[in-house]
Amino acid sequence: MGKLYERLMKDYRIKEGLNACINCGTCTAICPAAEFYKYDPRQIVDTVQSQDDAEIEKLLKSDTIWYCGECMSCVTRCPRKNAPGLVVMALRSLSIDMGYFMESEKGRQQYVVSKDLCGNILNYGYCVYPRTFKYATHQEAGKVWKWEEEHMDDVYERLNANLDGEGPGAVRKIPQKDLDEIKKIFDITGGTDRVNAVKAAAEKRAKELGLTEEEYFNKIYTECNGAHLNH
Amino acid sequence: MIYEGKQKIWSDYQKEIPDDHYFYVRSCIRQTFFPASEWAFLDITRNKLNKNIFETEHHTTCGGIAYHSDAIPQETVMTIIARQFALMHKYGYENYVCSCITSFGLYCETLESWREFPDLQNKIAENLKKATGLDFAKPKFLVHASDLMYKYKNLIAAQAKFKLVDKNTGKPLRVVEHIGCHYSKMFPSKGVGGAEYPYVLAGMIEAWGGEVVDYPERRHCCGFGFRQYFVQSNRGYSLANTHKKFESMEPYKPDMIITNCPGCPYFMDRWQYVIAETQGKTYGQNGHGIPVFTYEEVAGLVLGYNPWDLGLQTHQVGPEPVLDKMGIHYDPAKKYLGKNGKNIGKPDFVECIK
Ligand code: SF4
Ligand code: SF4
């Protein structure tokens with residue numbers, strides 16, 4: 001039993017989500033990611049239960065673990081009550097902790113979700129927040145969102161929201177004292193450490209490539225090498 | 001026979017849903033894209049049904065979207081969740097109702113992990129005390145807001161001004177129901193009707209006069225996929241999954257779609273627009289898409305709310321074909337007006353889809 005396997009076994013999601021896998025492939029059959037990407041959750045579960053650290057390390061450095069959509073459709077159907085989606089979450093956490101996520105194109109994208117989502121949480125108290133969800137980078141949100149963005153205060157007022165207002169209501173301003181508590185939670189539970197580690201790795205890579213932070217962000221936001229897809 | 005068999009499965013999964021006294025927690029995605037749905041939920045439950053549904057401005061995101069994008073560790077999200085539960089306790093409530101499906105699934109998973117691993121629960125309680133000074137507590141009952149609407153479906157039917165019926169033909173509207181994956185795929189016993197035959201939306205559809213459409217990809221994910229949507233170069237994943245669902249439902253000619261997850265209606269509405277724009281393909285009739293609704297919007301329509309108060313003008317696929325069939329009166333000239341009739345422009349015209 002190797003060190004990586006031992007660390008994985010400490011993750012509660014593995015404790016809950018990995019019993020003896022019988023390699024039936026039911027999870028792969030139901031998996032939306034397996035249809036789209038070169039992805040096979042059965043194989044991931046099998047690699048982890050092999051306890052082979054060299055193979056686990058390869059997995060942690062690969063694009064593979066980043067293909068899952070965490071829909072948990074696999075959980076319902078597995079005859080052994082495994083949760084491949086939870087196993088993937090544990091693998092991703094370990095990949096970030098070890099710095100291995102920087103070895104794959106899909107892994108490097110963690111800087112995007114970390115910066116955007118944790119930024120929203122710490123600044124506003126929401127994972128998604130209207131003023132930072134931009135039409136320019138989300139054109140699929142449609143012309144109607146473009147209009148909402150251009151007339152945001154009026155539209156949200158019409159819809160009985162309380163955008164950035166005092167008191168309860170949709171997309172209200174969350175009091176600073178509450179945001180401070182969330183920050184403190186981040187600090188003592190490893191949230192801040194993860195944000196900082198992902199940021200430091202991204203800044204280092206940007207420097208190596210001679211790119212500004214913004215240029216690097218845009219690169220990993222849009223880059224796609226074409227080898228990921230199933231067909 | 002088969003139908004009766006399904007009903008038996010549903011009856012095995014009837015969770016207990018208290019009638020009243022809830023601590024309400026909002027959804028990041030629903031309040032961003034469908035804020036009027038949350039308003040309608042509170043207006044219906046409080047003012048039409050006289051229920052006690054309490055909200056405090058001090059609650060926050062549960063962190064679930066960041067957690068399922070692997071941006072924050074499990075211990076972080078669990079402590080944020082413990083803070084939400086602690087606020088419920090502080091304000092004197094023990095029933096917890098959340099607007100978000102990602103939250104709901106994560107609360108179920110968290111409570112299960114705490115039950116299974118008491119050491120973990122103790123650690124989170126310590127974190128909570130240290131970061132906030134609040135006392136650890138757990139809800140006695142945890143429900144999703146669609147569970148409550150399901151519970152109240154007959155009370156709403158009794159006050160209905162419109163039904164899910166085509167007024168021209170007298171036939172029930174054909175309704176696709178789409179359940180968010182995290183509602184019951186992880187913990188089937190926590191959802192009304194379980195994971196294979198969830199009844200939470202089907203029950204509303206039937207109570208309000210509609211007919212539920214069965215189709216092969218009924219349980220397929222909408223394709224959100226968290227990081228698969230938030231990172232631009234992954235978005236094909238999200239689009240491909242929605243596309244698969246629409247191709248599968250098309251032959252069954254649905255009139256409308258109802259969803260219980262905040263993200264699904266956004267994806268099923270907007271990806272229809274993208275498919276129309278890029279492929280010239282629409283799934284409704286005469287260049288229309290299939291209108292997609294939240295359950296709060298449908299409850300509001302049934303109760304006679306003004307469609308523009310419900311925010312239906314913020315959908316990219318126009319709701320008008322459904323409003324026309326139900327016989328709901330609306331003023332097209334007022335669709336994009338602001339509060340008190342203020343002119344705030346209107347979205348650019350989209351030719352590819354109505
Ligand atoms: S469905 Fe379960 S038992 Fe079958 S391959 Fe997947 S994880 Fe293993
Ligand atoms: S959680 Fe991941 S592995 Fe499981 S079905 Fe969804 S995409 Fe596939």
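Everything quoted here is computed from the prediction, not taken from an experiment. Every chain is numbered from 1, with letters handed out A, B, ... down the list of sequences.
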Subject >> Worked check of salt bridge (charged side-chain N to carboxylate O under 4.0 Å, His left out) between B:K244 and A:E35 >> reply: CA-CA 11 Å; B:K244 185 181 165 109; A:E35 255 186 273; 2.8 Å; yes
**OP:** Could you walk me through whether A:E70 and B:H182 pass the side-chain hydrogen bond (donor to acceptor under 3.5 Å, both in side chains) test, one step at a time?
**Re:** CA-CA 9 Å; A:E70 299 191 12; B:H182 289 196; over 6 Å; no
Subject >> Test log, rule salt bridge (charged side-chain N to carboxylate O under 4.0 Å, His left out), inputs A:D164 and A:R131 >> reply: CA-CA 10 Å; A:D164 300 331; A:R131 293 204 198 273; 2.7 Å; yes
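In this structure, the portions of B:F230 lying under 4.5 Å from any heavy atom of chain A include both its backbone and its side chain. Heavy atoms closer than 4.5 Å to chain B are found nowhere in A:Y124, neither backbone nor side chain. Heavy-atom distances place the side chain of B:Y266, and not its backbone, under 4.5 Å from chain A. Of the two parts of A:V155, the backbone and the side chain both hold a non-hydrogen atom closer than 4.5 Å to a non-hydrogen atom of chain B. Contacts between A:E166 and chain B at a heavy-atom distance below 4.5 Å are absent for every atom of the residue. For a residue to count as touching a neighbouring chain, one of its non-hydrogen atoms must lie under 4.5 Å from one of that chain's; by this rule A:A33 touches chain B with backbone and side chain alike. In this structure, the portion of A:I96 lying under 4.5 Å from any heavy atom of chain B is its side chain and not its backbone. For A:C71, the parts lying near chain B are the backbone and the side chain together; criterion is any non-hydrogen pair under 4.5 Å. Only the side chain of B:K342 comes within contact range of chain A, judged by heavy atoms closer than 4.5 Å. Heavy atoms closer than 4.5 Å to chain A are found in the side chain of B:Y229, but not in its backbone. Both the backbone and the side chain of B:W308 have a heavy atom closer than 4.5 Å to some heavy atom of chain A. For chain B, the nearby parts of A:D154 are the backbone and the side chain; heavy atoms of each come within less than 4.5 Å. Neither the backbone nor the side chain of A:K177 has a heavy atom closer than 4.5 Å to any heavy atom of chain B. In this structure, chain B has heavy atoms under 4.5 Å from both the backbone and the side chain of A:T222.
When the candidates B:L128, B:D269, B:T314, B:L310 are compared by the number of heavy-atom contacts under 4.5 Å with chain A, B:T314 comes out ahead. Highest contact tally toward chain A, considering only B:N340, B:N241, B:D43, is held by B:N241 [criterion: heavy-atom pairs under 4.5 Å]. Counting heavy-atom pairs closer than 4.5 Å to chain A, the top-ranked of the candidates B:R227, B:Q313, B:E75, B:K123 is B:R227. With chain A as the partner, the residue from B:G180, B:C221, B:S113, B:A240 showing the most heavy-atom pairs under 4.5 Å is B:S113. Top candidate by heavy-atom pairs under 4.5 Å with chain B, chosen from A:Y156, A:Y111, A:Y129, is A:Y156. Here A:R172 is the residue among A:R172, A:K143, A:R13, A:K106 with the most heavy-atom pairs under 4.5 Å with chain B. In terms of heavy-atom pairs under 4.5 Å with chain A, the best-connected choice from B:R30, B:E277, B:E109 is B:E109. Across A:I188, A:I185, A:T137, the residue that shares the most heavy-atom pairs under 4.5 angstrom with chain B is A:I185.
Applying the 6.0 Å contact sphere to NZ of A:K61 captures more than 12 heavy atoms from other residues, nucleotides or ligands. Annotation: A:K15, atom NZ; neighbour count of heavy atoms from other residues, nucleotides and ligands within 6.0 Å is above 12. In this structure, A:K199 places its NZ atom where only 12 or fewer heavy-atom neighbours from other residues, nucleotides or ligands lie under 6.0 Å away.
For the residue pair A:T132 / A:N120, a side-chain donor-acceptor distance below 3.5 Å is found, with atom types taken as modelled. No hydrogens or angles considered: nothing links the side chains of B:S27 and B:S99 as a donor-acceptor pair under 3.5 Å. Using a 3.5 Å distance cut-off with no hydrogens or angles, the side chains of B:R219 and A:S73 do not pair a donor with an acceptor.
Considering only heavy atoms from C-beta on, B:H315 stays 4.5 Å or farther from B:F33 through its side chain.
Classification of the B:H58-B:Y91 ring pair by plane angle, with boundaries at 30° and 60°, yields parallel.
Scanning for salt bridge (charged side-chain N to carboxylate O under 4.0 Å, His left out) contacts around B:K129 gives B:D135, with sequence neighbours left out.
Heavy-atom proximity under 4.5 angstrom to chain A picks out B:V231, B:Q232, B:S233, B:N234, B:R235, B:G236, B:Y237 from residues 231-238 of chain B.
Using a cutoff of 4.0 Å between basic side-chain nitrogens and carboxylate oxygens, A:K146 and A:E150 are scored as salt-bridged. Salt-bridge check for B:E38 with B:R26: passed, with a basic side-chain N closer than 4.0 Å to an acidic carboxylate O. Comment: A:R158 engages B:D309 in a salt bridge, judged by a side-chain N to carboxylate O separation of less than 4.0 angstrom.
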